[in-house]
Amino acid sequence: MNDRENEKKLIEGEDYYLTPEGYKCFTEKFHLNRGYCCKSGCKHCPYGFDKKTNEIRNKLK
């Protein structure tokens with residue numbers, strides 16, 4: 001396994017956690033490491049995206 005494959009591995013409890021329904025819910029840390037907003041209305045979005053208004057309010061400041 002090379003270094004690039006190691007970087008892509010997700011760590012439960014750090015990058016995501018499992019919801020009671022069994023879904024992966026990505027953490028704020030994961031989103032910041034990814035480096036951009038996917039505009040999906042994620043629960044822990046550090047970029048402040050509002051799915052109702054389709055706007056990003058800069059939450060990082």
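What's counted below: heavy atoms across the whole structure, side chains too, no hydrogens, waters or symmetry copies.
Within the model, atoms OG1 of Thr27 and CD of Glu12 stand 11.5 Å from one another, a figure rounded to the nearest 0.5 Å. Cys38 contributes atom SG, which lies 6.5 Å from atom NE2 of His31 (distance to the nearest 0.5 angstrom). Annotation: the span from Arg57 atom CZ to Cys45 atom SG amounts to 11.0 Å, rounded to 0.5 Å.
For the pair Arg34 and Phe30, the cation-pi criterion (under 6.0 Å, within 45° of the ring axis) is not fulfilled.
Following chains of ILVMFWY side-chain contacts shorter than 4.5 Å, one cannot reach Tyr17 starting from Leu10, and the two form parts of different hydrophobic clusters.
Counting only N and O atoms by type, the side chains of Tyr16 and His44 include no donor and acceptor under 3.5 Å apart.
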- Could you walk me through whether Lys39 and Ile56 pass the side chain to side chain contact (heavy atoms under 4.5 Å, CB included) check? CA-CA 8 Å; Lys39 298 183 180 178; Ile56 293 178; 3.9 Å; yes
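Taking Glu55 as the reference, nothing meets the side chain to side chain donor-acceptor pair (under 3.5 Å) condition, with sequence neighbours excluded. Partners of Ser40 according to the side chain to side chain donor-acceptor pair (under 3.5 Å) rule, which considers only residues two or more places apart in sequence or in another chain, do not exist here.
The environment of Lys29 atom NZ is dense: over 12 non-hydrogen atoms of other residues, nucleotides or ligands sit within 6.0 angstrom.
Between Leu18 and Lys24, the closest heavy-atom pair is CD2-CG, 3.9 Å. Between Phe49 and Gly41, the shortest heavy-atom contact is CD2-N, 3.7 Å. Residues Gly35 and Tyr47 approach most closely at C-OH, 3.3 Å, considering heavy atoms.
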